[in-house]
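Residue numbers start from 1 in every chain, and the chains themselves are labelled A, B, ... in the order their sequence lines are given, proteins ahead of strands.
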2 protein chains.
Amino acid sequence: MPETPTKRGAGRPRTRVLSADQIVDAAFELARTAGTAGFSMAALARSLSVQPPALYHYFGSRGEVISAMRGRLAERIDTEGFTDPAVPLDEAVLRWARTYRDAFAAFPSGSALLATTSIDGQQGSVDNYEAITVRLLAEGWAEGDVVDTIVAFESFIIGSALDAVAPADIMSPGDAAASVPAYAAAEARRAHDAAARGIRPTDRSFELGLRAMLAGFRPGSADSSTR
Amino acid sequence: MPETPTKRGAGRPRTRVLSADQIVDAAFELARTAGTAGFSMAALARSLSVQPPALYHYFGSRGEVISAMRGRLAERIDTEGFTDPAVPLDEAVLRWARTYRDAFAAFPSGSALLATTSIDGQQGSVDNYEAITVRLLAEGWAEGDVVDTIVAFESFIIGSALDAVAPADIMSPGDAAASVPAYAAAEARRAHDAAARGIRPTDRSFELGLRAMLAGFRPGSADSSTR
DNA sequence: ACCTGAACACCGTTCAAGT
DNA sequence: ACCTGAACACCGTTCAAGT
């Protein structure tokens, strides 16, 4: 939807029409309204009332736009609990994991892209990793277990973010309910319990899994599982 | 690459050229060789030496082809441990989770697609859920926790499958190493330890996280975390 | 029924303009 | 420097053919 129907002719405009930040803003808005399938450079350009090639002055490719979106999301992840000794480790992890999942669940295709795109050089992400590493070492983690612990939590968080943006009925047995009575009953119960609590089923799965990982991950817990 | 350069004219061929199974076979081969970006109906048709519209006689859309691939992968997930009382629960979960991750890590874009596509009506998947549900109930799980437990494990597994297909250096601090000394050292240690064990770092993260979840998830463990 | 060929409405990206 | 317009090589999907 062009906000101003004034036709821009060819040539450099007198005043700058775009900015990298503005493009990223519009990209989030587009991802929210158009979804993963509708997320294209052409649609992004339309939402900004410019021609697609104009975007390439600010970003070298579609991938770079997505990478910039990822950087924005990373800013919303709260890792401050790790550097504050007054915050217990469990609490720090809970805050980190919840803000992490929320940030990426807000960008439907973000989780998958995040998970498969290299962090390399993304200064923000790396700073977060440093804070977590320092804290885990202080809590007694073996140096060789620190990154594996972070990756295991991130895998759970990213998988949970994907689940959070999945269709609400993704776990429903549908027409097959009659042939899987125990599962169908458990699934109905889950939906009912979540509704009674005023949350989504996916939210409780996340909290449950997160606490299980917290309970299972203790310093040295890796020793027995090393093969 | 056309295997036979014989030009097929218009009209129904005397003998059937395609089959649904054959298309799915070719789709896996294409996903393997061309990756997510190169996975298109046009490329799939080329690999089968047919024109793209021919595929639509067997599958209604690109999404249906992917759904069929997902069905194939689901067949490779081992849930037999859950129905065999001689197999301890932990062992059953380990087998299930490992075969699950391996199956989807073999199909790069599969994990993200799996996670965001409804299971609804997929008979194979639902049968697996029934077996797991029956076992968890027998082990003392509350009915209201069963599906959340399954979803939490699946979130971890899918996130881990994404990590397994990510670039090997995804956790490397790269140029930022100097500014994050503790993390850089821990990351180098992780890479070194994995190499010494003859495995990939991502494999150990998976095993570590899986065992943490197993240790943390016990019947009734949800009670204290319900909010 | 099962394929080709033509067609439609899209893409991402490049590049020569114009100011 | 920063935009438009034209162009290229692709897409997914539909539909009218042909046998």
Side-chain angles (χ1 to χ4, degrees), chain A residues 1-27 30-31 33-69 108-109 113 117, chain B residues 1-27 30-31 33-69 109 113 116-117:
Chain A
M1 290 152 250
E3 301 189 349
T4 45
T6 48
K7 278 229 166 62
R8 219 177 358 258
R12 181 187 185 187
R14 291 195 220 88
T15 70
R16 211 181 230 285
V17 175
L18 297 173
S19 74
D21 270 349
Q22 210 176 104
I23 292 170
V24 175
D25 286 342
L30 180 63
T33 56
T36 306
F39 188 83
S40 68
M41 293 297 270
L44 181 54
R46 272 194 298 274
S47 78
L48 288 160
S49 304
V50 297
Q51 298 301 316
L55 303 174
Y56 289 81
H57 194 78
Y58 298 87
F59 296 96
S61 68
R62 184 175 182 273
E64 280 189 19
V65 175
I66 291 167
S67 185
M69 296 173 76
S109 59
L113 289 162
T117 312
Chain B
M1 291 151 254
E3 301 189 350
T4 45
T6 48
K7 279 230 166 59
R8 220 176 359 257
R12 181 187 186 186
R14 289 196 221 86
T15 71
R16 212 181 228 284
V17 175
L18 297 172
S19 74
D21 270 348
Q22 209 176 104
I23 292 170
V24 176
D25 286 343
L30 180 63
T33 57
T36 307
F39 188 83
S40 68
M41 293 297 270
L44 181 54
R46 273 194 298 275
S47 78
L48 288 160
S49 305
V50 297
Q51 299 301 316
L55 303 175
Y56 289 81
H57 194 77
Y58 297 86
F59 297 96
S61 69
R62 184 175 182 273
E64 280 188 20
V65 174
I66 290 167
S67 185
M69 296 172 76
S109 60
L113 289 162
T116 52
T117 313

Find which nucleotide of DNA chain D each of B:A10 and B:P53 is nearest to by heavy atoms, and output the residue with the more 5' nucleotide.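 So the residue in question is B:P53.
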Listed nucleotide nearest any side-chain atom of [X], set [options]:
X	options	value
B:Y56	D:dC3, D:dT13, C:dC3	D:dT13
A:Q51	C:dT13, D:dT4, D:dT13	D:dT4
B:H57	C:dT13, D:dT14, C:dA1	C:dA1

Distance, rounded to the nearest Å, where [X] contributes [atom1] and [N] contributes [atom2]:
X	N	atom1	atom2	result
A:L55	D:dC3	CG	C1'	11 Å
A:F59	D:dC2	CZ	P	13 Å
A:R12	C:dT19	CZ	P	14 Å
B:Q22	C:dC2	CD	P	13 Å
A:E64	C:dG12	CD	C1'	13 Å
B:R46	C:dG5	CZ	C1'	16 Å
B:I66	D:dG12	CD1	P	10 Å
B:R62	D:dC11	CZ	P	11 Å

Reported [atom1]-to-[atom2] distance for the pair [X] and [Y], which is rounded to 0.5 angstrom:
X	Y	atom1	atom2	result
B:L48	B:D25	CG	CG	9.0 Å
B:R46	B:Q51	CZ	CD	10.0 Å
A:Y56	A:M41	OH	CE	4.0 Å

Nucleotide opposite C:dC8 in a Watson-Crick or G-U pair, distances under 3.5 Å: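 Base partner found: D:dG12.
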Go ahead and name the base partner of C:dA17; Watson-Crick or wobble counts if both distances stay under 3.5 Å, otherwise write none.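 Base partner found: none.
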Identify whether any heavy atom of [X] sits under 4.0 Å from a base atom; if not, whether one sits that close to sugar-phosphate; answer base, sugar-phosphate or nothing.
X	value
B:R14	nothing
A:Y58	sugar-phosphate
A:A42	sugar-phosphate

Check whether any side-chain heavy atom of A:R62 lies under 4.5 Å from a side-chain heavy atom of A:L44, and answer yes or no.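 They are not in side-chain contact.
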With a 4.5 Å heavy-atom cut-off, do B:V50 and B:L18 have their side chains touching?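 Yes - at least one pair of side-chain heavy atoms lies under 4.5 Å apart.
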Think A:R8 has a side-chain N or O under 4.0 angstrom from the OP1 or OP2 of D:dT4?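 The answer is yes; a side-chain N or O of A:R8 sits under 4.0 Å from OP1 or OP2.
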